[in-house]
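Below is one structure, written out as structure tokens; the observations come after it.
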There are 2 protein chains.
Amino acid sequence: MEPKRSKEASGGSGRPRGRVFAFPPSPQRGVALYLQVADQLRGRIDSGELAPGDQLPPEVELADGFGVSRHTVRQALRHLRDRGYLASRQGKGSTVRDRKRGLQVNPVIGSINDLVQFASETVLKPVSVVEEPAGAEVAELLDLEPERSRVVRINGLRCERDGAVFGYTKVYVPVELAKGLRAETIHSVPIYAQVERNSGIEVAGVEQRISAGGADEELVEHLGLEPHEPVLKISRLYYATGGAPVEFAESFHPPSAFEYVIHLRKGF
Amino acid sequence: MEPKRSKEASGGSGRPRGRVFAFPPSPQRGVALYLQVADQLRGRIDSGELAPGDQLPPEVELADGFGVSRHTVRQALRHLRDRGYLASRQGKGSTVRDRKRGLQVNPVIGSINDLVQFASETVLKPVSVVEEPAGAEVAELLDLEPERSRVVRINGLRCERDGAVFGYTKVYVPVELAKGLRAETIHSVPIYAQVERNSGIEVAGVEQRISAGGADEELVEHLGLEPHEPVLKISRLYYATGGAPVEFAESFHPPSAFEYVIHLRKGF
DNA sequence: TAGTGGTCTAGACCACGGC
DNA sequence: CCGTGGTCTAGACCACTAC
């Protein structure tokens, strides 16, 4: 017994005790233990120390190595499994999965939170920000008058936090809703979130259409592709509670750098 | 202590002891306790006894009512949360979600049932059915031994009921699971459904990866595309309850003929 | 038979939300 | 301050896989 530890963080933080898989410098306080464990493992995966196909040590061994209980290790593994990093099979073990950069729509529900999560893990590096008349297609989608209505268009590179580019995005926002858009925060704060905050309009949903296309000059230039090279095209229409469109975005991704993963499970 | 229970099922099954939320008739043996708890709760939700917006009893109370530990209750709640039935907030409690609206309805494909629906509305016109050794990639995905294991491969055209072709599909099934596959029914009965029926294995989920690629000779021939023309590529890995892969399928669609639409709505 | 993940219990402290 | 979900420990048995 005696689960006492006189803790300070959520549920307590760890004290190094194990060996091989222990926390290197010092466990962060204030962060859930299982997240620290998951981060450690994810780091080993991202760094290539654990390659796709590799088998993880048994849970009990991990628990011992990290100096945590097996339950905590399992929580960490579940976290990584949910995010596509691992696969586990009873009686066999857990193995590292091949995970391209991509949007994971998880368990069954693709909630908008997945999108938020995804956006917060990536960076939009603006290439151009212009105000212009809405073209026919954009006007149609945003419920504006073609040519007469004006939109703010933001083109930029989709990057990982480490700078790796995995896509090119064009975002269209009606000028009226783009008032408070700050160029300085575009790279880190999702545009739809800024629009939400500035306009008071709440984004209630997103309609995504996934298709394929060939690279045009713009993509060739910014993504270093060959002309007409196949790219994954994802267009998103954000709309407010009443159904009014708020923002339209098109993203283009080289298939080698991005994959859209959807998990469907048999419902009840 | 004394966690002994001399059980027969996985981790033991429950014995009615609680009151309000106890198991009515008799808990099924052989089914995980947390699934039985989840089923009970889901029943109350589906029947309307627990309506959207309603708050669930606290976890400790549920645990007491069902006569299980809080951990088991939490596992059940997580199960339901993952499936869009519930939302939980620290300090507040768990509430029933409006699953109709809260879940992204996907006009094309959204849950596994939509996939069934989709498959039943379309036709697979077989071009070739062959038995062959599993290649490296397919063996990896289906958890088979490369070259030694054999698979049945079915290539065919995806058509609307009216005959319009909108894609090309390659399906791989381990020979052991393909025994009862009848060529005559391939066009109308989804292959995974036939595998299910013949093998007794139940498909529990599907992992879909959406990407883009260029048309190869096979696609040029059967879909009438230009070489290297961009196509939408969707790979599906069907797996059974334990996670064992059952079937792998690759579909290729010209962007002009097929679009993947996903609708996300703001949950809590 | 041994190893590994899956399930379960009993009990405890912490953080958040509202009173 | 209290109630509720979130996290964590320690220990145990079961089921599936492979040897």
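Small disclaimer: the values here were computed from a predicted structure and weren't measured. Within every chain, numbering begins at 1; the chains are lettered A, B, ... in the order of the sequence lines, protein sequences first and strands thereafter. Any value given below was found using the heavy atoms of this structure, including those in side chains, with hydrogens, waters and symmetry copies removed.
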Handout entry: Along DNA chain C (nearest heavy atom to each residue), the more 5'-positioned of B/R70 and B/Q75
Key = B/Q75
Problem - Position toward the 5' end of DNA chain D (nearest nucleotide), B/L56 or A/T72 - result: B/L56
Handout entry: A/H71 side chain, from C-beta outward: closest of C/dC8, D/dT9, D/dG6
Key = D/dT9
Practice task
Whole angstrom is fine here: how far is it from CZ in B/F66 over to P in C/dC8?
Solution key: 13 Å
Practice task
Would you kindly give the OH-to-C1' distance between B/Y34 and C/dT9, to the nearest whole Å?
Solution key: 17 Å
Problem - side chain to side chain contact (heavy atoms under 4.5 Å, CB included) partner of B/E247, chosen from B/Y239, B/Y238, B/Y172 - result: B/Y238
Practice task
Look at the side chain of B/R78 and the base of D/dG6, then say whether one donor and one acceptor between them are separated by less than 3.5 Å.
Solution key: no
Exercise for the section: Provide, to the nearest angstrom, the distance between the NE2 atom belonging to B/H79 and the P atom belonging to C/dG6. Expected result: 15 Å
Handout entry: Contacts of type salt bridge (Lys or Arg N to Asp or Glu O under 4.0 Å), residue A/R158, not counting sequence neighbours
Key = none
Problem - side chain to side chain contact (heavy atoms under 4.5 Å, CB included) partners of B/S94, counting only residues at least two apart - result: B/L56, B/L77, B/S88
Practice task
Can you tell me the distance, in whole Å, between the CG atom of B/L62 and the P atom of D/dT4?
Solution key: 11 Å
Practice task
Take the protein atom CG of A/D64 and the nucleotide atom C1' of D/dC8, then report the distance between them rounded to whole Å.
Solution key: 17 Å
Fill in the blank from the handout: Checking D/dC8, C/dG6, D/dG6 against the side chain of A/S88 (C-beta onward), the nearest is C/dG6
Practice task
Please work out whether the ring planes of A/H71 and B/H71 are parallel, tilted or perpendicular, with thresholds of 30° and 60°.
Solution key: perpendicular
Exercise for the section: With sequence neighbours excluded, tell me which residues meet side chain to side chain contact (heavy atoms under 4.5 Å, CB included) with B/A193. Expected result: B/V189, B/P190
Problem - Whether B/E59 side chain and B/R74 backbone form a donor-acceptor pair below 3.5 Å - result: no
Problem - Rounded distance in Å - CG (B/L35) to C1' (D/dC14) - result: 15 Å
Exercise for the section: When you get a sec, tell me which of C/dG5, C/dA12, C/dC8 is the closest nucleotide to the side chain of A/R74? Expected result: C/dG5
Fill in the blank from the handout: Sorted by chain and residue number, the salt bridge (Lys or Arg N to Asp or Glu O under 4.0 Å) partners of B/D54 (sequence neighbours excluded) come out as none
Under-3.5 Å N/O pairs linking protein and nucleotides 1-4 of chain C:
unit_1, atom_1, unit_2, atom_2, d
C/dG3, N2, A/G91, O, 3.4

Practice task
Would you tell me if any nitrogen or oxygen in the side chain of A/S69 comes within less than 4.0 Å of OP1 or OP2 on D/dG11?
Solution key: no
Exercise for the section: Examine distances only and state if a side-chain atom of B/Q75 and a backbone atom of B/L33 form a donor-acceptor pair shorter than 3.5 Å. Expected result: no
Exercise for the section: Kindly indicate whether the side chain of B/V173, heavy atoms from C-beta on, has any atom under 4.5 Å from the side chain of B/L142. Expected result: no
Handout entry: A/L33 CG to D/dG6 C1', straight-line distance once rounded to whole Å
Key = 13 Å
Exercise for the section: Enumerate the residues from residues 140-147 of chain B whose closest heavy atom to DNA chain C is under 4.0 Å, giving them by residue number; use none for an empty result. Expected result: none
